[in-house]
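Note that this is a predicted model, so its numbers are computed, not measured.
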Amino acid sequence: MEVRKLKNSDGVAFYALAHVEGVDGLTTASATVDGLLTASDKRKLDNTPSITQTDIDFWNSKQDTTFTSPDGSKFRLLVDNNGNFISQRV
């Protein structure tokens, strides 16, 4: 198979995107047939639970990090709506 590098009107090189049906021997996977990934991996992917907004909110609430200054004081780093950092003693 020959791979061709193309250039856009600005001379920037790129590679053409291909649809799965345009590549000989490449098929989508199912739970029983290998394809772009193994059937086993397809089953795992199909059984992956969906992530909800509640999951995201819970994860984000656990991301607080406490910093310790040289004298042992503890601080949490926050960000305001303008992107400014604020340190808060905890």
Side-chain angles (χ1 to χ4, degrees):
M1 177 159 110
E2 182 180 345
V3 177
R4 294 187 178 212
K5 187 190 306 186
L6 307 172
K7 290 186 180 180
N8 67 15
S9 59
D10 295 327
V12 177
F14 69 96
Y15 294 94
L17 298 176
H19 190 278
V20 65
E21 292 177 10
V23 180
D24 290 339
L26 194 59
T27 60
T28 56
S30 73
T32 57
V33 178
D34 290 348
L36 290 171
L37 65 159
T38 66
S40 172
D41 285 343
K42 176 69 170 128
R43 286 190 300 275
K44 292 175 196 172
L45 184 61
D46 288 345
N47 290 319
T48 302
S50 297
I51 297 174
T52 66
Q53 186 61 49
T54 302
D55 296 329
I56 294 168
D57 293 342
F58 177 75
W59 171 261
N60 287 339
S61 73
K62 300 297 180 190
Q63 298 310 303
D64 289 336
T65 302
T66 303
F67 296 92
T68 305
S69 68
D71 71 1
S73 299
K74 305 283 186 191
F75 294 89
R76 181 173 40 203
L77 189 60
L78 306 170
V79 180
D80 69 15
N81 291 333
N82 294 315
N84 300 309
F85 292 110
I86 303 163
S87 63
Q88 181 182 62
R89 187 181 288 254
V90 291

*Asks:* Should the heavy atoms of other residues, nucleotides or ligands under 6.0 Å from CZ of Phe58 be counted, would the total exceed 12?
*Replies:* no

*Asks:* Please check: side-chain N/O of Asn82 versus main-chain N/O of Asn84, any donor-acceptor pairing under 3.5 Å?
*Replies:* no

*Asks:* Considering non-hydrogen atoms only, spot the tightest contact between Lys5 and Ala13 and give its length.
*Replies:* CD-CB, 3.3 Å

*Asks:* Not counting sequence neighbours, which residues clear side chain to side chain donor-acceptor pair (under 3.5 Å) with Ser40? List them please.
*Replies:* none

*Asks:* Tell me whether Phe67 is reachable from Ile86 by hopping between hydrophobic residues (I, L, V, M, F, W, Y) whose side-chain heavy atoms are closer than 4.5 Å.
*Replies:* no

*Asks:* Return each pair, listed once, that meets salt bridge (charged side-chain N to carboxylate O under 4.0 Å, His left out) where at least one residue sits in residues 43-52; pairs must be two or more places apart or across chains.
*Replies:* Asp41-Lys44, Lys42-Asp46

*Asks:* Hydrophobic cluster membership, with links at side-chain heavy-atom distances under 4.5 Å among I/L/V/M/F/W/Y: are Phe75 and Val90 in one?
*Replies:* no

*Asks:* What's the shortest heavy-atom distance between Ala29 and Gly35, and which atoms?
*Replies:* CB-N, 3.7 Å

*Asks:* Locate the shortest heavy-atom distance separating Ala39 from Ala31; write the atom from each residue and the value.
*Replies:* CB-O, 3.6 Å

*Asks:* Apply side-chain contact (heavy atoms from CB on, under 4.5 Å) to Thr52 and list each qualifying residue two or more places apart in sequence or on a separate chain.
*Replies:* Thr54, Asp55

*Asks:* Output all residues satisfying side-chain contact (heavy atoms from CB on, under 4.5 Å) with Asn81, sequence neighbours left out; order by chain, then residue number.
*Replies:* none

*Asks:* Tell me, please, which residues at least two apart from Thr68 pass side chain to side chain donor-acceptor pair (under 3.5 Å).
*Replies:* Lys74

*Asks:* Does Asp57 have any side chain to side chain donor-acceptor pair (under 3.5 Å) partners at least two apart in sequence or in another chain, and if so, which?
*Replies:* Gln53

